[in-house]
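What follows is a set of notes on a single structure, which appears directly below.
Atoms within each ligand, like the ligands themselves, are counted from 1 in listed order. From a predicted model like this one, the values you see are computed outputs, not experimental measurements. Throughout, residue positions are numbered sequentially from 1 according to the sequence presented.
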Amino acid sequence: MTIVSRDMSTLHTKNNLALLQTDGIPRTRLERLLRERAIRKAAKSPNDGEGEGEGSSTQAHESGEVELPSTQQESLSSDSGTSSRALNDQDSSEPTSKATASDDACEKKDSQASKQRLLVVANRLPVSAVRGEDDSWQLNVSAGGLVSALLGVKEFETKWVGWAGVTVDDDKGRQTLTQALAAKRCVPVFLDDEIVQQYYNGYCNNILWPLFHYLGLPQEDRLTTTRSFQSQFDAYKKANRLFADVVQEQYEEGDVVWCHDYHLMFLPKYLKEQNSSMKVGWFLHTPFPSSEIHRTLPSRSELLRSVRAADLVGFHTYDYGRHFVSACTRILGLEGTPEGVEDQGKLTRVSAFPIGIDSNNFIKALELPEVQMHIKELEETFAGRRVILGVDRLDMIKGIPQKALAFEKFLEENPSWQDKVVLLQIAVPTRSGVPEYQKLSSQVHEIVGRINGRFGTLTAVPIHHLDRNLDFHKLCALYAVTDVALVTSIRDGMNLVSYEYVACQASKKGVLILSEFAGAAQSLGAGAILINPWNVTEVASSISYALDMPADEREKRHYHNFKHVTSHTSQEWAATYVSELNDTIIEAQLRTTQIPPPLRIEVAVDRFTRSNNRFIILGFNATLTEPMNSVGRKDKLRPDLEEPLRKLCQDPKTTVLVVSGSGRSVLDDNFGDYSLWLAAENGVYLRVTTGEWMTTMPEHINMDWVDSVKQVFEYFTERTPRSQFELRDTSLIWNYRYSDAEFGRLQARDLLQHLWTGPISNAALDVLRGSRSVEVRALSVTKGAAIDRILRKIVQDKGIKKPIDYVLCIGHFLTKDEDIYSFFERPIPSDRPSSSSSSSASERPQAGVATPVRTGSRAANIRRQRSMSSLEPSTSISSLQSLQEQEGPSVLDLQADNYFSCAVARERSNSRYLLRSSDEVVQLLKEMADHVETNN
Ligand SMILES: O=P(O)(O)OC[C@H]1O[C@H](O[C@H]2O[C@H](CO)[C@@H](O)[C@H](O)[C@H]2O)[C@H](O)[C@@H](O)[C@@H]1O
Ligand SMILES: O=c1ccn([C@@H]2O[C@H](COP(=O)(O)OP(=O)(O)O)[C@@H](O)[C@H]2O)c(=O)[nH]1
């Protein structure tokens, strides 16, 4: 990402869409992403190409970024007795309190001026701080896959925001730690002990973590537990606010903000509330469980909604993403699409981005003298024995007890191996403040002790169990010398240990036994032996198979995995994610240009009050009723619309028409006692409420297909619980809005497939897909076709003399029915609404009315186009043409400023304006009704 990428980020920052559309940047998402990828590849210098992973450690070290310490010294922290990776950019072991934030920042700015700025926000910073005397700070690399992977990301000008793993209550300490961290491009979020206990140990690691790994919620045995869940959830939100505040302080326009993991599910929402134009991504490092698991969580909806505020939501695997979309459709009732989750036109893109490692760093580390020395030591220690390696945080998800049991079974079944093989298990202590982790530690020790007692000898034990964090060089050496890596996670977001093992096995070509419940199984499945860790017998026989595997099979398997690990690096992962996030914003901007502007209600009302003969056309479903996705919706007029509608209907200067796809009885029930016009079945039936229904059905309408379609709809209704179908005179509708959303959608897909390609595909019918329905209609039955006939009838019936000078047409119409909007438009592209109507409307390319629309010629035109001129209503409606012939001038005298077509709760529409929901329809009609009162 060098010069060309910078051009891209300039485009993003400036939202320069005009430029975007004219300078050759492709318009489709895939084309843009392919191009970005090509640019990234081309921008790699030839030197970067040594080894597949780009961005070598040396390079990163020189730029002063935080990195895995292949080029740094490592230190054993003598006071704690544990081995850790000390991390300083100038000097690896000295305390860093003297480093100043400003010096460092300036230096970085110059060297990284061309890079995209990236704010990485994660609960844990890549370094954990330990306070020394004199307010000095030692910064040690934190353990865990998230940190390892993100340390490999070097393409961006990255700043980290997170918790340093330590409580600092005094101002001086906070100040010095902030300075020390600034040298690592890290910014601390300070959490007090109470928050850490409630948020991190409590809500994150005792509730979300087990739940997301299918271990269920903790059992409650008394009400105080419920109360503590609530206080943990409150602390979770509070902690997320603290993160949001720090991000806000650090944010500069154009930055990409990348939020990580289950600790920060509220962060996207808080950030967008603070700044809606911020580019916000969220990535989950754990699995996202099936919606059936997620729905057990009391705060399930709030969490989903908050994550949805992000522009891009990423997961390690397609399955996790699918579960998330499914939870949003089933729990929030939103629309899941192949692209993500949609709510009233707002798309949250959901994709899989499998993480990788900085493979080059591992490969190069193997050449270092210290690593070679460790390799030699290990070879000597384990001479004559094969070594099976396990490296895990001591976490219940890692299946360490299962691993030990499988190894026990293997020894039991293979006595000849008993003194020739050892299981070397590194169990890095983690989250020791959570009681479940303390229990696990004792459990594992007990099992290991028992097995060693059973199979050990005076001089050797079969399991070497180390409860500690290893330094990087020792870890690399272990990866390189061992014969088999055994990963038995019962669930694991990805599992980077398996990647790291493969990266270090270029010479030995050891075997990877990998749990099928780790995300890594999807990428390393070709080369690994996949196992179900719960099946102890299977794992035991896989160990046996691995130890006896012939060299050529090991080579082949290793080759597959090595290729994957070295090409799908952490750098690639981050670059792909950020590139998609940037593109998601471009896409949203492009979509915006296709979205009509919001209706300015005050303008519509103002024009209404100044006109003398108004025509108001209202859709019914989701326009005058509750929104589509509210549970238990009935086809019923909203109670808050009754009064305003009644007032409007009583106004002598206003004619109100409700036009709906619904049948006559639905409209009768809702509007029988109002004084207005009703058009049922998309205008096939018409009546003024004081009169009888009449048909406006066109002649020669072909309905031969009805029986065949009916049979198909019956078939799908029987097989889709809670779906229903309705037979109308000119249409059939199958709707599944009360069915399981995903199943309904799959059924609809099958149904559509059959209608489009099956035996009735040549019938004279239109197939229309609604958001949760499929409708089949006679050809050319649309609201736009009907409005012509309806208008004629109304004009004739009311004996209208004064031309109609104001039209408001609002509805949640299917695309096909949007021809009702264009009926009142005059197709002259150069015409524009005058500026007084609405400034945003004047920017709309499709708005084309400027001069009076003469209904006679317009209607005739439409009739010609649609071959709908010959109408035979049961009650005669004479043609408007003849009406005009009889009565002289036009009945429509519509200035552009006085025509308002509005789609309700739609994202894209041919209408001039949008109303977000039926709530806004209520507001509009109320304000109009208020003016009727005062004016008349
Ligand atoms: O920060 P801690 O509470 O000490 O825990 C360490 C990290 O554990 C989890 O790692 C996950 O991320 C890895 C990289 O994507 C993935 O390979 C692994 O399967 C996950 O378990 C956790 O998600 C991180 O937030 C923690 O920092
Ligand atoms: O003593 C150790 C052992 C392991 N790791 C690192 O911890 C990470 C574990 O990541 P993984 O994705 O396997 O699981 P997680 O712990 O994140 O759940 C790997 O990068 C290891 O290199 C470490 O820092 N110190």
By number and element, which atoms of ligand 1 are closer than 4.0 Å to a non-hydrogen atom of G493?
19 (O)
D395, portion touching ligand 2 at heavy-atom distance under 4.0 Å:
neither
Report the part of M494 in contact with ligand 1, treating N, CA, C, O as backbone and CB onward as side chain, heavy atoms under 4.0 Å; options are side chain, backbone, both, neither.
both
Judged by heavy atoms only, the candidate from R393, H213, H285 nearest atom 12 (O) of ligand 1 is H285
Taking distance alone, with no angle check, do N495 and ligand 1 share an N/O pair under 3.5 Å?
yes
Please report whether ligand 1 has a polar contact with I355, defined as an N or O pair separated by less than 3.5 Å (distance criterion only).
no
Note: ligand 1 atoms sitting under 4.0 Å from heavy atoms of H316 are 15 (O)
A quick test of your reading: do over 12 heavy atoms of other residues, nucleotides or ligands sit less than 6.0 Å from NZ of K238?
no
Considering only heavy atoms of V497, which atoms of ligand 2 have at least one such atom less than 4.0 Å away?
13 (O)
Where H374 and A477 come nearest, the two heavy atoms and their spacing:
CB-CB, 3.4 Å
Stepwise ring-ring contact (aromatic ring centres under 6.0 Å, His included) test for F315 and F353:
CA-CA 6 Å; F315 298 92; F353 302 89; 9.4 Å; no
Using a plain distance cutoff, I'd like to know if F362 has any nitrogen or oxygen under 3.5 Å from a nitrogen or oxygen of ligand 2.
no
May I ask you to list the atoms of ligand 2 that are less than 4.0 angstrom from any heavy atom of N495?
12 (O), 13 (O)
Are any of the heavy atoms in M494 under 4.0 Å away from ligand 2?
no
Should one rank Y200, W163, W209, Y262 by closest heavy-atom distance to atom 21 (O) of ligand 1, which comes out on top?
W209
Hey, mind stepping through F283 and H285 against ring-ring contact (aromatic ring centres under 6.0 Å, His included) and telling me if it holds?
CA-CA 6 Å; F283 188 88; H285 290 261; 4.9 Å; yes
With heavy atoms only and a cut-off of under 4.0 Å, state how T430 meets ligand 1: side chain, backbone, both or neither.
side chain
Under a 4.0 Å N-O cut-off, is there an ion pair linking D392 with K403?
yes
Of the listed options T286, N123, D261, closest to atom 22 (C) of ligand 1 (non-hydrogen atoms)
D261
Proximity winner for atom 5 (O) of ligand 1, if only heavy atoms of R431, R124, R491, H263 are counted
R431
Distance under 6.0 Å and angle within 45° of ring axis: R241 vs Y270
yes
Short side-chain to backbone donor-acceptor contact, S515 and F517, under 3.5 Å:
yes
Flag the pair K439 and E436 as a salt bridge only when some basic side-chain nitrogen lies within less than 4.0 angstrom of an acidic carboxylate oxygen.
yes
Contacting atoms of ligand 2, where contact means under 4.0 angstrom from a heavy atom of E500
19 (C), 20 (O), 21 (C), 22 (O)
Between R431 (side chain only) and Y437 (backbone N and O only), is there a donor and an acceptor less than 3.5 Å apart?
no
Check each heavy atom of V428 against ligand 2 and say whether those closer than 4.0 Å belong to the side chain, the backbone, both or neither.
side chain
Answer yes or no: does an N/O atom from L470 fall short of 3.5 Å to an N/O atom of ligand 2?
yes
N or O contact, K398 vs ligand 2, cut-off under 3.5 Å:
yes
Y236 and Y199 aromatic ring geometry - parallel, tilted or perpendicular at 30°/60° bounds:
tilted
What are the atoms of ligand 2, with element, lying closer than 4.0 Å to any heavy atom of V391?
3 (C), 4 (C)
What about the rings of W163 and Y200, do their centers lie closer together than 6.0 Å?
yes
For D492, counting its heavy atoms only, list the atoms of ligand 1 lying under 4.0 Å from any of them.
18 (C), 19 (O), 21 (O)
Strictly below 4.0 Å, N to O, side chains only: are D311 and R349 in salt-bridge contact?
no
